Amino acid sequence: MITKENNKISRRSFLKIFGAGAVGAAATLAGCKGGDKAGHQAAEEYKNQVEPPVGKMTYRENPKTKEKVSLLGYGMMRLPTKVDHDDEFDQDMINKQVDYAIEHGLNYFDTSPVYCQGKSEQCTGIALSRHKRSEYFVATKLSNFNRDYWAFDKAKEMYQNSLKELQVDYIDYYLLHAVGGGMDEFNGRYVDNGIMDYLLKEREAGRIRNLGFSFHGYQNVFDEIIATHEKYHWDFVQIELNYLDWDYANEISKNNVDASYLYAELHKRGIPAVIMEPLLGGRLANLPQYLMTELKSHAPERSVASWAFRYAGTPEGVLTVLSGMTYMEHLKDNLLSFCPLQPLTEKEQRYLDVEIAEKIVGLENIPCNDCKYCMPCPYGVDIPAIFVHYNKCKNEGSLPMGAGDKDYRKHRRQYLISLDRVVPRDRQPDHCIQCGQCEPHCPQSIRIPRELRKIDDMIEELKRSEEIIVNSEK
């Protein structure tokens with residue numbers, strides 16, 4: 001049942017429209033960096049992890065091709081790096097994890113020309129080319145964000161280079177990357193330059209098996225693009241869906257659209273949905289301790305992240321749920337979650353709706369998903385790491401809160417020390433010159449320069465307080 005107001009699926013109708021759900025668990029760590037320390041943490045967390053079963057993966061059918069797609073998809077956005085070499089990807093480990101994934105029934109791999117400093121497609125191609133082409137589906141994107149690549153020849157070059165890097169003759173799922181900022185931009189990137197007509201011909205020739213788009217942005221833009229379905233016959237659409245964005249995406253950021261609306265529009269047209277950000281870049285796996293304790297009390301055997309994975313995997317119109325899995329422990333945990341999918345009960349759904357989602361909204365964190373679309377900063381600022389660190393401290397209750405904080409001195413010192421450990425001094429917010437180059441690329445519409453300035457002002461205040469205290473103790 002779809003409500004008349006805004007065509008949203010009501011929460012009460014969630015279970016009637018959605019299908020079975022599953023337990024999924026993977027603590028999300030920072031992507032493409034800091035592998036050694038984070039890897040040891042992951043190994044410790046999952047030291048008693050059992051092996052996922054082979055032959056138990058839950059699949060969804062592509063209504064166009066009738067092919068079976070694994071409900072768990074591998075997001076190749078946060079690939080493992082070599083120990084002590086954050087800028088060098090560990091191809092041997094990537095191969096090993098891809099082999100393990102395919103062995104356990106995962107067959108959907110999602111990448112882009114811009115992921116992992118532009119190396120994701122190449123790494124993915126090397127790993128997948130060692131397998132039969134019939135064993136996997138590969139998805140990549142026309143990531144022509146830069147205006148230089150709006151020209152037909154440049155866009156075509158990007159598409160053809162993806163085929164080369166992935167070592168394939170055809171692409172199973174090809175996406176127009178991150179549309180939603182405005183119709184002028186959409187038309188400039190894809191329509192006016194003729195590249196859309198070219199891609200349609202490529203689909204007709206079979207070199208693109210399924211053509212779709214990924215969406216971040218304004219509802220009116222989504223409405224206009226989805227209205228072209230009769231013309232373009234979209235085979236799938238990639239949207240952000242999780243139990244926070246279901247009803248609160250627009251409340252958190254006025255430039256985003258609630259997942260309930262997006263899903264309803266796709267569902268009524270029979271367009272399969274590919275899900276991104278089931279954990280919101282790890283935010284739904286790294287909740288404040290009191291919320292984590294609540295979730296654990298309801299299901300001690302499940303991880304905190306599993307609730308979000310089950311939610312995202314439940315809708316019957318979902319083709320696959322993408323997860324960036326940097327470590328083997330993540331991969332195994334997620335395979336356990338979807339091999340097979342377990343149902344989301346009405347009680348569990350209501351619990352997420354009322355007890356958890358509303359409380360998370362009240363936290364008022366910086367809504368950063370660590371997607372790194374804002375990077376690289378021309379002045380070297382590590383924007384995602386700064387925001388992730390800030391949110392982590394806030395969620396843990398260790399953010400220095402001023403005179404009313406009885407542990408202010410301890411929290412002040414902890415924040416400054418931990419920031420230096422996570423973000424090098426030359427990449428901290430004081431190096432932001434407020435150029436604003438990053439802001440248009442943020443899918444969450446974060447006012448990045450403003451938030452960086454606020455954090456920088458807080459850091460400077462913490463440093464001044466420390467100097468005052470030190471001087472007073474002399």
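Just so we're clear, the structure is a prediction, and the values are computed from it rather than from any experiment.
Residues Ile448 and Cys442 are in side-chain contact: their nearest non-hydrogen atoms beyond the backbone lie under 4.5 Å apart. With contacts defined as side-chain heavy-atom distances shorter than 4.5 Å, the pair Ile383/Cys438 qualifies. At least one side-chain heavy atom of Leu176 sits less than 4.5 Å from a side-chain heavy atom of Leu199. Considering only heavy atoms from C-beta on, Trp234 stays 4.5 Å or farther from Leu266 through its side chain. A 4.5 Å side-chain heavy-atom check between Met276 and His216 finds at least one atom pair inside the cut-off. Between His330 and Ser323 the shortest side-chain heavy-atom distance does not fall below 4.5 Å. With contacts defined as side-chain heavy-atom distances shorter than 4.5 Å, the pair Leu419/Tyr390 does not qualify. You'll find the side chain of Glu240 reaches within 4.5 Å of the side chain of Leu280, heavy atoms only.
In this structure, a donor-acceptor pair under 3.5 Å is present between the side chains of Glu202 and Tyr159. Checked by atom type, the side-chain pair Ser418/His389 shows a donor-acceptor distance below 3.5 Å. No donor-acceptor contact under 3.5 angstrom links the side chains of Asn395 and Asn286, judged on distance only. Checking Asn220 against Glu224 by side-chain atom types alone, no donor-acceptor pair falls below 3.5 Å. If you check the side chains of Asn210 and Asn62, you find a donor sitting under 3.5 Å from an acceptor.
Formation of a donor-acceptor pair under 3.5 Å by the Asn250 side chain with backbone atoms of Asn256 is found in this model. In this structure, Ser260 contributes its side chain and Trp246 its backbone to a donor-acceptor pair below 3.5 Å. The main-chain N or O of Tyr174 is never found under 3.5 Å from a side-chain atom of Lys141 such that the two would form a donor-acceptor pair. Not one N or O on the side chain of Ser143 forms a donor-acceptor pair closer than 3.5 Å with the backbone of Val114. Side-chain N or O atoms of Asp172 include none that pairs as donor or acceptor with a backbone N or O of Tyr108 at under 3.5 Å. For the pair Tyr59 (side chain) and Gly105 (backbone), a donor-acceptor distance under 3.5 Å is present. Under the 3.5 Å distance criterion, the side-chain polar atoms of Asp258 are matched with a main-chain donor or acceptor of Ala249. Tyr263 places no side-chain N or O within 3.5 Å of a backbone atom of Ala273 that could act as its donor or acceptor partner.
Ion pairing between a basic and an acidic side chain is recognised when a charged N comes within 4.0 Å of a carboxylate O; Asp370 and Arg283 show no such pairing. Electrostatic pairing of Glu265 and Arg269 counts as a salt bridge here, judged by a charged N lying under 4.0 Å from a carboxylate O. Of the charged side-chain nitrogens involved, at least one lies within less than 4.0 Å of a carboxylate oxygen, so that Glu451 and Lys454 count as a salt-bridged pair. Ion pair Asp235/Arg209 not flagged as a salt bridge, since none of the NZ, NE, NH1 or NH2 atoms sits closer than 4.0 Å to an Asp/Glu carboxylate oxygen.
When the shell of 6.0 Å around CD of Glu135 is examined, it contains more than 12 heavy atoms from other residues, nucleotides or ligands. Atom OH of Tyr218 has 12 or fewer heavy atoms from other residues, nucleotides or ligands within 6.0 Å. Lys164 NZ: 12 or fewer foreign heavy atoms inside a 6.0 Å radius. When the shell of 6.0 Å around CD of Glu301 is examined, it contains more than 12 heavy atoms from other residues, nucleotides or ligands. In the displayed structure, Lys56 atom NZ is contacted under 6.0 Å by at most 12 heavy atoms of other residues, nucleotides or ligands. Counting heavy atoms of neighbouring residues, nucleotides and ligands inside a 6.0 Å radius, atom NZ of Lys394 exceeds 12 of them.
One distance of note links CZ of Phe215 with CD1 of Ile225; it measures 7.0 Å at 0.5 Å rounding. Distance CZ/Arg350 to NZ/Lys347: 8.0 Å, rounded to 0.5 Å. Here the SG atom belonging to Cys393 is positioned 6.5 Å from the CG atom belonging to Leu399, to the nearest 0.5 angstrom. Expressed to the nearest 0.5 Å, how far OG1 of Thr81 lies from CD of Gln117 amounts to 9.0 Å. Taken to the nearest 0.5 Å, the OG1 atom of Thr326 stands 10.5 Å off from the CE atom of Met76. One distance of note links CD of Glu277 with CG of Asn369; it measures 4.0 Å at 0.5 Å rounding.
Considering all non-hydrogen atoms of both residues, Lys96 and Met328 come closest at CG-CE, 3.9 Å. Of all heavy-atom pairs between Leu71 and Arg60, the closest is CD1-NH1, 3.8 Å. Across every non-hydrogen atom of Pro278 and Asn242, the tightest pair is O-CB, 3.4 Å. Considering every non-hydrogen atom in both Phe89 and Lys82, the closest pair reads O-CE, 4.0 Å. The minimum heavy-atom distance linking Cys339 with Pro53 is given by the pair O-CG, 3.6 Å. Of all heavy-atom pairs spanning Ile446 and Glu439, the tightest one is O-CG, 3.5 Å.
Ring geometry for Tyr74 against Phe109 counts as parallel: the plane angle stays under 30°, on a 0 to 90° scale with 60° as the upper cut. Using the six-membered ring where Trp is involved, His177 and Tyr373 have ring planes that are perpendicular, over 60° apart on the 30 and 60° scheme. Using bins of under 30°, 30° to 60° and over 60° for the plane-to-plane angle, the ring pair His229/His233 lands in the perpendicular bin.
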Derivation of the side-chain contact (heavy atoms from CB on, under 4.5 Å) call for Thr140 and Thr124: CA-CA 10 Å; Thr140 193; Thr124 301; over 6 Å; no
Test log, rule side-chain contact (heavy atoms from CB on, under 4.5 Å), inputs Cys377 and Arg427: CA-CA 9 Å; Cys377 167; Arg427 305 197 69 186; over 6 Å; no
Stepwise ring-ring contact (aromatic ring centres under 6.0 Å, His included) test for Tyr190 and Phe213: CA-CA 11 Å; Tyr190 304 116; Phe213 62 89; 9.4 Å; no
From CA spacing to verdict: side-chain contact (heavy atoms from CB on, under 4.5 Å), Glu358, Tyr248: CA-CA 8 Å; Glu358 291 182 3; Tyr248 295 107; 2.8 Å; yes
Audit row: Trp307, Glu348, side-chain contact (heavy atoms from CB on, under 4.5 Å) steps and yes/no: CA-CA 9 Å; Trp307 292 87; Glu348 289 170 329; 3.8 Å; yes
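Not less than 6.0 angstrom separates the ring centroid of His104 from the ring centroid of Phe338. Aromatic rings of Tyr136 and His131 (six-membered ring for Trp) have centroids beyond the 6.0 Å cut-off, not under it.
Seen from the ring of Tyr170, Arg133 counts as a face-on cation partner, given the 6.0 Å and 45° thresholds.
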